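First comes the structure, then the notes that go with it.
Nothing here was measured: the structure is a model prediction, and the numbers come from that model. Each chain gets a letter, A, B and so on, in the order the sequences are listed, and its residues count up from 1.
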Amino acid sequence: MTQASNLQDGNARLPHWILNNVDFERFPAGLRAAVVEVLAPAYHELVERARDGLAKSAGMTIVWLMWLEIVDHVQLTENFTTPRSVAQVSEEREQLINRHLRLVGSKVKASAFLVRLHEFEQKHGSMPGCSGSVGASPGPAADEAEEVEG
Amino acid sequence: MENCQFVDQNIEPRTKAVERWIATHRDELSCQGAVVATYRSYRGRKLGPYFRLTYRGGDGRQRSLYLGASAELAHHVRQLLQECQADLRERRERHRLRQLLRRELKKTKALWRDELSKLGLRLQGYEVRGWRGAPRAQTRAPGKVIQSAGV
């Protein structure tokens, strides 16, 4: 509990499972700083302030993807700074970069959904089926489909 | 009667020699090696502990460096080993964290999938699909509902 309280920054709270499953003392300083400065505010913004279950679950997914991204950053940094043989480094580095790009791609896709959901909510109120149906859909494909049909 | 005090008076040179030895074997010790305490019995009495630094050589054989009975030296060598293996421990911790995060991500993604399915949407990888049969169709375009229901 003390570990978490040291890491808490203002109103930003850490994801709930961190207290039970992760020992922060064993993390490198860079990773701990990233958790406080990047992850905790993101969790607050995307999960705690989410209006409904859909936004919350999508937000949670993005937060875990961000966690993995930060861990990958640390690993990539280590890979780039540790002196090793060229053949060993190039293969491993290629794998790491590919994995990292896939991860970033996934995060972008999940974020795009959340952005679309927010835009829709600003335009029409809440998403139908979540709370207070307004009879519209955030998907551009649905708009196009109706235009074609109309 | 056993002399419980450390009998080797030249601990300083021995420490220096062990430090030099560790420095030359740093690569080998960066991912393995431990200080172990051993005991022996003499006329029914248990003597020790006597410390050894055990490691596996490049040829795959188990080897050891005798440190003597000094607990102080053994502690110092343990600390040196920890320094050598710091990167390894960090890598293991990072790997453990990554596995944990992937498990959590899987659970969260399942929740997200459930929430989307309530709206008639589905998750393909990280992309949301099925907008054509989404809630708009249920309320505004009944024709679409018929199509999506396959009637």
I'd like to know if the side chain of R56(B) pairs up with that of Q32(B) as donor and acceptor (distance under 3.5 Å, no hydrogens or angles considered). no
Please round to the nearest 0.5 Å and tell me the distance separating atom CD of Q75(A) and atom NE2 of H95(B). 9.5 Å
Around atom CZ of R89(B), are there more than 12 heavy atoms from other residues, nucleotides or ligands closer than 6.0 Å? yes
Chain A heavy atoms under 4.5 Å from R91(B): which part of the residue, side chain, backbone, both or neither? side chain
Given that the side chain runs from C-beta out, which part of L65(A) has a heavy atom under 4.5 Å from chain B: side chain, backbone, both or neither? both
If you tally heavy-atom pairs under 4.5 Å between each of K109(B), R98(B), E90(B) and chain A, the highest tally belongs to R98(B)
How about K46(B) and S41(B): do any of their side-chain heavy atoms sit closer than 4.5 Å? no
